[in-house]
2 protein chains.
Amino acid sequence: MTDGIVERSRPRDRILETARDMFHKHGIKGVGVDAITEAAGTNKMTLYRHFESKDELIVECLRANAAKAGAMWDAFEAEFPGDKLAQLHAWVRKAAAMLNADGRGCDMANAAAELTEPDHPARLVIKELKEAQRARLVTLCRDAGIGQAELLADTLSLLLEGARVSVQTVGTEGPSTQFVRMAEGLIVSFRGTAAV
Amino acid sequence: MTDGIVERSRPRDRILETARDMFHKHGIKGVGVDAITEAAGTNKMTLYRHFESKDELIVECLRANAAKAGAMWDAFEAEFPGDKLAQLHAWVRKAAAMLNADGRGCDMANAAAELTEPDHPARLVIKELKEAQRARLVTLCRDAGIGQAELLADTLSLLLEGARVSVQTVGTEGPSTQFVRMAEGLIVSFRGTAAV
DNA sequence: CTAGGGTGTTACCGGTCTGTAACTTCCAGC
DNA sequence: GCTGGAAGTTACAGACCGGTAACACCCTAG
């Protein structure tokens with residue numbers, strides 16, 4: 001019961017959702033458009049009526065991923081309104097939970113690993129989306145009253161990014177098990193050096 | 001002027017070296033055996049006389065990469081004999097230098113991102129080699145007299161791994177610029193909590 | 001009821017992929 | 001100089017790839 005998601009909805013949405021799922025599981029070059037449309041319960045022609053090429057479908061999937069991640073951030077704000085520090089800790093816990101959820105790393109990072117052509121349209125949106133996420137984390141750290149918000153945000157980013165590839169290479173029992181401990185420790189130690 | 005390396009040597013070595021280079025630059029699924037053999041100045045039949053399949057060639061390339069990385073560690077020992085702390089700092093500097101050298105991340109991590117079949121032969125050796133590298137870093141930290149050597153080693157691992165994917169997604173001007181600062185800071189702070 | 005747009009179906013194009021067969025050529029060691 | 005093995009050459013098999021053409025269908029809005 002994998003790769004299903006053929007609920008009745010408009011073909012475009014089904015294709016997008018199925019492609020996201022299959023790209024995530026099998027990689028981008030590991031999935032052909034035929035396989036996507038079949039799993040989405042439709043056909044190739046319909047795909048090409050809604051997306052001008054596989055590359056555009058890839059880009060649209062990445063954007064959809066980022067939108068979903070953005071919604072997660074909004075959920076933190078809803079859960080701890082105004083309490084930025086609590087939101088930061090929620091982010092750490094959520095990230096750690098997703099680490100162990102599936103052994104595949106970040107879709108954007110994986111896409112960047114696969115799509116090596118320097119002018120591939122996906123590379124631009126990956127950079128754009130990653131930078132937006134970084135900006136959001138920096139803002140959260142700063143609003144949580146942390147001095148050197150950029151440094152903390154970048155450190156947390158690298159740790160999480162590293163934990164994701166670690167899970168992908170050595171599994172969930174490797175260095176990534178320490179992620180929460182590292183992240184929490186960092187936040188505490190940065191809290192010490194409060195706003196200047 | 002790329003992908004050359006057609007010096008006169010035995011075809012097997014040329015194929016291996018060329019494949020390493022091309023896999024690194026263009027990804028594994030982004031390079032066909034025809035392209036490899038042509039760039040290596042030989043032909044497909046010769047490749048298949050030395051490697052039973054592309055998958056075996058991939059595995060052999062990964063092992064060669066790991067051997068090269070191992071040689072780097074030996075160089076640190078040769079440069080700072082017995083001074084494990086100096087070797088650790090040398091490792092940080094070397095890692096940072098390689099970060100900015102080329103925008104492609106770790107070959108093993110990239111391979112893990114591309115080769116999603118859970119029983120792909122490469123996945124096994126990736127895990128094996130990554131675990132060996134981790135063990136070596138833990139040993140280095142411990143021999144440098146650092147308490148919680150595993151935690152420091154794992155943190156440094158995740159930071160470096162994350163920095164490599166960061167370079168690949170947002171470029172060298174992103175969070176990875178802070179890698180040395182983070183790593184050196186960590187080493188110092190772990191030195192504080194000396195061996196228990 | 002009808003018109004029309006979204007959808008499904010089938011077949012196809014040209015290209016690329018891994019891997020193999022059959023044969024020729026080269027070259028080093030005897 | 002001869003021979004045997006390594007290497008090169010050409011052609012091909014069979015599968016898959018992204019993308020398109022032509023046409024039949026269905027279902028809803030008018």
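These figures come from a predicted structure and were not determined experimentally. So that the names make sense, note that chain A is the first sequence line, chain B the second, and so on, each numbered from 1. Just so it is clear, the values below take in all heavy atoms, side chains as well, and ignore hydrogens, waters and symmetry mates.
OP1 or OP2 of dG6(C) has not a single side-chain nitrogen or oxygen of H50(A) nearer than 4.0 Å. The phosphate of dG8(C) (OP1 or OP2) has a side-chain N or O of T42(A) nearer than 4.0 angstrom. Proximity of T46(A) to the phosphate of dT7(C): no side-chain N or O atom is located under 4.0 Å from OP1 or OP2.
One N or O donor and one acceptor, one from the side chain of K44(A) and one from the base of dG19(D), sit under 3.5 Å apart. Remark: the R49(A) side chain and the dG8(C) base include a donor-acceptor N/O pair separated by less than 3.5 Å.
Distance CD (E52(A)) to C1' (dT20(D)): 14 Å, rounded to an integer number of Å. In this structure, R14(B) places its CZ atom 12 Å from C1' of dA6(D), rounding to the nearest Å. Here the P atom of nucleotide dC17(D) and the CD1 atom of I28(A) are 15 Å apart, to the nearest Å. Taking atom CZ of R10(B) as the reference point, atom C1' of dA6(D) lies 10 Å away to the nearest angstrom. For the pair K29(A) NZ and dT16(C) C1', the computed distance is 12 Å after rounding to whole Å. D34(A) places its CG atom 18 Å from the P atom of dC17(C), with the value rounded to the nearest Å. Atom-to-atom, CZ of F51(A) to C1' of dG18(D) comes out at 15 Å; the value is rounded to the nearest Å. When the C1' atom of dG8(D) is taken as reference, atom CD1 of I15(B) falls 12 Å away, rounded to whole Å.
Salt-bridge annotation for D55(B) and K29(B): absent, with no side-chain N of the basic residue lying under 4.0 Å from a carboxylate O of the acidic one. Ion pairing between a basic and an acidic side chain is recognised when a charged N comes within 4.0 Å of a carboxylate O; R93(A) and E184(A) show no such pairing.
When distances run from any side-chain atom of M45(B) to the nucleotides dT10(D), dT9(C), dA7(D), the shortest one goes to dT10(D).
The aromatic rings of F179(B) and W91(B) sit perpendicular to each other, their planes meeting at more than 60°, with 30° as the lower class boundary.
Shown here is K127(A), whose NZ atom has no more than 12 heavy atoms of other residues, nucleotides or ligands within 6.0 Å.
Of the options R63(B), R123(B), Q133(B), a side-chain hydrogen bond (donor to acceptor under 3.5 Å, both in side chains) to E128(B) is made by R63(B) and by none of the others.
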